[in-house]
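Have a look at this one.
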Amino acid sequence: RERGAPRVRASSELGSFGTNIETASVRGGGESHYYSASFTHTDTTGFSIATTDLAGDRDGYHRIALANQLGLGGDAFGVDAGFRYIDSDVEIDSGASPATSASDSRQFVGRVAPRASLFDGAWEQTLAYSVNHARRDTRAFGATRFTGRLHEIDWQHTVRPIDPLALVVGAEWEREVMRGTSATNATRERVDAYSGYGDVQLALVDRVDLAGGARVYRHEQFGTEVVGRGSVAVRVPEVGLKLRASVGSGFEAPTLGQLFDDTFASNNPNLEPERSVGFDVAAAWRSADDRFGAEVGYFENDIDDLIVGAAPTFVAANVAEAKTHGIETFADARLLERDSGLGRLDARVGYTWLQTRDVGNRRRLLRRPNDQLSFSATWSPVDRLDVTTSVLWVSDRLDFSPVTFAVIEAEAYAVVDVMVRFAATEWLELYARADNVANEDYEDVAGFRQPGLAGYAGVRIDLAALPLP
């Protein structure tokens, strides 16, 4: 919600696989309004994701995206609105007719939300309506069309009877509608869901934040469910420490697409909703001079009826009982200051250790690596010049073989990317990047090959900083 004089930005990028990306945006506003609009065009001739290349079968991709946000009014009354529209066409490797298989998608997401703040902010309320409309035409194993629409209304109230206490209550209504057509089937489905929720937030002496809440769902197909969540955060500013913990339960009904969309014959009308219980604890530290920081956290989840795709048919199915637990940690540091004589150097390292279990099948959950390690460093040898190197390593994990559909152990991989950015002026920036500089041959998901070494270069312009006569 940037306000002030209009600020116009634009960029253009060219690179490997016939890639060209253009963007343009404008934003600004005044005391009683704000606005923003953006445009993105992406076009690439692509490459074949199939493990075994088919001569000339490069999977192109074309995408146009428009977005807008607008706000009117002041602190007491106002309205916020926005939309996003995406038009994308992608060629796909279907295995049947790869040269002509493609998927064309259109999506519109819109939201309008009148708001009011009464009694000097002691009572705030927002009445929001949103719609998400999507259409997908697919030509692979026959021609199919999927159309989905989700309507939502949310009326939320926030009451602050005293300064450290906030009470949040509200009600939601959702209606999901889908239509699907194929050579053998025509489907039309609709489902409504309702929920009411409440949340209590309490801040104590600027050091302790407490929160707790509950939500009651009423799903037309799956009945009534009650979920809740509680959290606590404690700050110790004298040593830069923050401790937090939370516990909660969850409920997620399958979408109509998962139940009835037979575009790839992967739907399952017998799916059950996911139900989960979990908790997490974490500690974060920041140095007084903001040069160093670290965080470590532990989490654990028990999930009933986890929804997954199951080989060899890839029909959506429930895992009766799944368990996950793990540790997430990261550290960042400013190793050199700009006046060090060697330039400024910032680094960050992150690690995730994840243990999963499909209790019924007595094995790990598929496509979830035990270990992920990431590292990035940005060196600024002189003003206006940055060089960033990033590394991602992912350990082996269980997956489906794209040939036999048996469960296999997919190989670990490491990817290194490098980006150079040069701010030529206050309004002109040039950049270049190389992805997968080691030309690693890897598959994030078995059977879906990722790009090898690729290079891109571009320019960004900030017209608000452009010197004018």
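Computed from a prediction, not measured in an experiment: that's the story for all the values here.
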Listed pairs under 3.5 Å, donor-acceptor, residues 286-298 side chains, sequence neighbours left out:
from	atom 1	to	atom 2	distance (Å)
Arg286	NE	Asp290	OD1	2.9
Arg286	NH1	Asp332	OD1	3.0
Arg286	NH1	Asp332	OD2	3.0
Arg286	NH2	Asp290	O	3.3
Arg286	NH2	Asp332	OD1	2.8
Ser287	OG	Asp289	OD1	2.7
Ser287	OG	Asp290	N	3.3
Ser287	OG	Arg291	N	3.1
Ser287	OG	Phe292	N	3.0
Ser287	OG	Phe292	O	3.3
Asp289	OD1	Arg291	N	3.1
Arg291	NE	Arg334	O	3.2
Arg291	NH2	Arg334	O	2.6
Glu295	OE2	Arg244	NH2	2.8
Tyr298	OH	Glu300	OE1	2.7

**Prompt:** According to the interplanar angle, ranging from 0 to 90°, do the rings of Trp353 and His325 count as parallel (below 30°), tilted (30 to 60°) or perpendicular (above 60°)?
**Reply:**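 Perpendicular, since the angle between the ring planes exceeds 60°.
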**Request:** Could you grab the distance from atom CH2 of Trp393 to atom OG of Ser374, nearest 0.5 Å is fine?
**Result:** 12.0 Å
**Message:** Once rounded to the nearest 0.5 Å, what's the spacing between atom CZ of Phe279 and atom CZ of Phe299?
**Reply:** 10.5 Å
**Prompt:** Atom CG in Leu335, atom CG in Asp346: separation rounded to 0.5 Å?
**Reply:** 7.5 Å
**Message:** Please determine whether ring pair (Phe, Tyr, Trp, His ring centres under 6.0 Å) holds for the pair Tyr217 and Phe251, giving the CA-CA distance in whole Å, both sets of side-chain angles, and the decisive distance to 0.1 Å.
**Reply:** CA-CA 9 Å; Tyr217 287 97; Phe251 171 82; 5.5 Å; yes
**Prompt:** Can any side-chain N or O of Glu91 pair as donor or acceptor with the backbone N or O of Gly60 at less than 3.5 Å?
**Reply:**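 Judged by distance alone, yes, a pair lies under 3.5 Å.
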**Request:** Determine yes or no for a side-chain-to-main-chain donor-acceptor pair under 3.5 angstrom, with Asn68 supplying the side chain and Ser36 the backbone.
**Result:**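 Present.
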**Message:** The criterion is side chain to side chain donor-acceptor pair (under 3.5 Å); which residues satisfy it with Asp89, sequence neighbours excluded?
**Reply:** Arg106
**Donor on one side chain, acceptor on other, Asp386 and Ser380, under 3.5 Å** = yes
**Prompt:** So, the side chain of Thr389 versus the backbone of Val418: is there a donor-acceptor pair under 3.5 Å, distance only?
**Reply:** no
**Item:** Verdict with supporting geometry, Ile303 and Lys323, side-chain contact (heavy atoms from CB on, under 4.5 Å)
**Value:** CA-CA 6 Å; Ile303 309 168; Lys323 295 179 178 293; over 6 Å; no
**Which residues share a side chain to side chain contact (heavy atoms under 4.5 Å, CB included) with Val403, sequence neighbours left out** = Ser401
**Request:** Might you confirm whether atom CG of Asp163 has over 12 heavy atoms from other residues, nucleotides or ligands at distances under 6.0 Å?
**Result:** no
**Message:** Going by the rule side chain to side chain donor-acceptor pair (under 3.5 Å), which residues pair with Glu238 if we only count those two or more places apart in sequence or in a different chain?
**Reply:**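 Side chain to side chain donor-acceptor pair (under 3.5 Å) check on Glu238 returns Arg207.
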**Message:** Restricting to non-hydrogen atoms, name the atom on Phe400 and the atom on Gly309 that form the minimum distance, rounded to 0.1 Å.
**Reply:** CE1-O, 3.4 Å
**Item:** Partners passing side chain to side chain contact (heavy atoms under 4.5 Å, CB included) against Asn318 (at least two apart in sequence or in another chain)
**Value:** Leu271, Glu272, Asp305, Ile307
**Message:** Taking atom CG as the centre, does Asp75 end up with more than 12 heavy-atom neighbours from other residues, nucleotides or ligands that are less than 6.0 angstrom away?
**Reply:** no
**Asked** Is a side-chain donor-acceptor pair under 3.5 Å present for Trp155 with Gln125?
**Response** yes
**Request:** Using only heavy-atom distances, determine whether the side chains of Glu328 and Tyr351 contain a donor-acceptor pair under 3.5 Å.
**Result:** no
**Item:** Those residues that, when tested against Asp417, pass side chain to side chain donor-acceptor pair (under 3.5 Å) (two or more places apart)
**Value:**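 Applying side chain to side chain donor-acceptor pair (under 3.5 Å) to Asp417 gives none.
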**Asked** Between Arg63 and Asp87, is there a salt bridge with N-O shorter than 4.0 Å?
**Response** no
**Message:** Assess the residue pair Leu354 and Asn370 against the criterion (side-chain contact (heavy atoms from CB on, under 4.5 Å)); give the C-alpha distance rounded to whole Å, side-chain angles, the decisive distance to 0.1 Å, and a yes or no.
**Reply:** CA-CA 5 Å; Leu354 175 64; Asn370 284 351; 5.7 Å; no
**Item:** side-chain hydrogen bond (donor to acceptor under 3.5 Å, both in side chains) evaluation trace for Asp444 with Tyr413
**Value:** CA-CA 8 Å; Asp444 188 30; Tyr413 65 86; 2.9 Å; yes
**Message:** Side chains of Thr324 and Thr356 only: does a donor on one sit below 3.5 Å from an acceptor on the other?
**Reply:**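 Note: Thr324 and Thr356 side chains miss the donor-acceptor criterion.
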**Item:** Gap between atom CD1 of Ile162 and atom CG of Leu165 - 0.5 Å precision
**Value:** 5.0 Å
**Request:** For Phe77, check side chain to side chain contact (heavy atoms under 4.5 Å, CB included) against everything at least two apart and list the hits.
**Result:** Ala116, Leu118
**Request:** List for me each residue that meets salt bridge (Lys or Arg N to Asp or Glu O under 4.0 Å) alongside Glu174, sequence neighbours excluded, and say none if there are none.
**Result:**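 Residues passing salt bridge (Lys or Arg N to Asp or Glu O under 4.0 Å) with Glu174: none at all.
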**Message:** Do Arg111 and Val131 have side chains that approach each other closer than 4.5 Å (heavy atoms only, starting at C-beta)?
**Reply:**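 Counting from C-beta outward, Arg111 and Val131 never come under 4.5 Å.
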**Message:** Testing the basics here: between Ala347 and Phe375, what is the closest heavy-atom pair and its distance to 0.1 Å?
**Reply:**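 Where Ala347 meets Phe375 most closely, the heavy atoms are CB-CE1, 4.2 Å.
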**Message:** Out of the candidates Glu22, Glu426, Glu429, only one should pair with Arg460 under the salt bridge (charged side-chain N to carboxylate O under 4.0 Å, His left out) rule; please name it.
**Reply:** Glu429
**Prompt:** Hey, is the main chain of Val239 close enough, under 3.5 Å, to the side chain of Trp285 for a donor-acceptor pair?
**Reply:**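 Side chain of Trp285 to backbone of Val239, a donor-acceptor pair under 3.5 Å: yes, one is there.
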**Message:** Could you check whether Thr19 and Thr44, counting side-chain N and O atoms only, form a donor-acceptor pair closer than 3.5 Å?
**Reply:** yes
**Request:** Give a yes or no answer on whether the side chain of Arg235 reaches the backbone of Asp206 with a donor-acceptor pair at less than 3.5 Å.
**Result:**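 Yes: the side chain of Arg235 pairs with the backbone of Asp206.
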**Request:** Give a yes/no verdict on a cation-pi contact between Arg433 and Tyr456, requiring under 6.0 Å between NZ or CZ and the six-membered ring centre and an angle within 45° of the axis.
**Result:** yes
**Asked** Between atom CZ of Arg215 and atom OH of Tyr197, what is the distance when rounded to the nearest 0.5 Å?
**Response**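 So the gap between those two atoms works out to 6.5 Å.
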**Message:** For the backbone of Leu342 and the side chain of Trp379, can you confirm whether one donor and one acceptor N or O come within less than 3.5 Å of each other?
**Reply:**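 Confirmed, Trp379 side chain pairs with Leu342 backbone.
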**Message:** Has Asn436 got a side-chain atom pairing as donor or acceptor with Glu440's backbone, closer than 3.5 angstrom?
**Reply:**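 Such a contact is found between Asn436 side chain and Glu440 backbone.
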**Message:** Considering only residues two or more places apart or on different chains, which pairs with a residue in residues 391-414 satisfy salt bridge (Lys or Arg N to Asp or Glu O under 4.0 Å)?
**Reply:** Arg364-Glu409, Arg367-Asp399
**Request:** Assess the side chains of Gln107 and Asn132: does a donor N or O sit below 3.5 Å from an acceptor N or O?
**Result:**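 Looking only at side-chain atoms, Asn132 and Gln107 do form a donor-acceptor pair, the distance falling under 3.5 Å.
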**Request:** Is it possible for you to check whether Arg27 lies under 6.0 Å from the centre of the six-membered ring of Tyr34, through NZ or CZ, and within 45° of that ring's axis?
**Result:** no
**Message:** Applying side chain to side chain contact (heavy atoms under 4.5 Å, CB included), can you list everything that pairs with Ser246, at least two apart in sequence or on another chain?
**Reply:** Arg229, Ser231, Asp280
**Atom pair OH/CG of Tyr35 and Leu70 - distance to nearest 0.5 Å** =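 One gets 10.5 Å once the value is rounded to the nearest 0.5 Å.
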**side chain to side chain donor-acceptor pair (under 3.5 Å) against Ser11, all qualifying residues, sequence neighbours excluded** =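 Here the qualifying residues are Thr23.
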**Prompt:** Taking only residues two or more places apart in sequence, or in another chain, which ones meet Glu124 in a salt bridge (Lys or Arg N to Asp or Glu O under 4.0 Å)?
**Reply:** Arg160
**Prompt:** Does any N or O in the side chain of Gln450 come within less than 3.5 Å of the main-chain N or O of Phe448, such that one atom is a donor and the other an acceptor?
**Reply:** yes
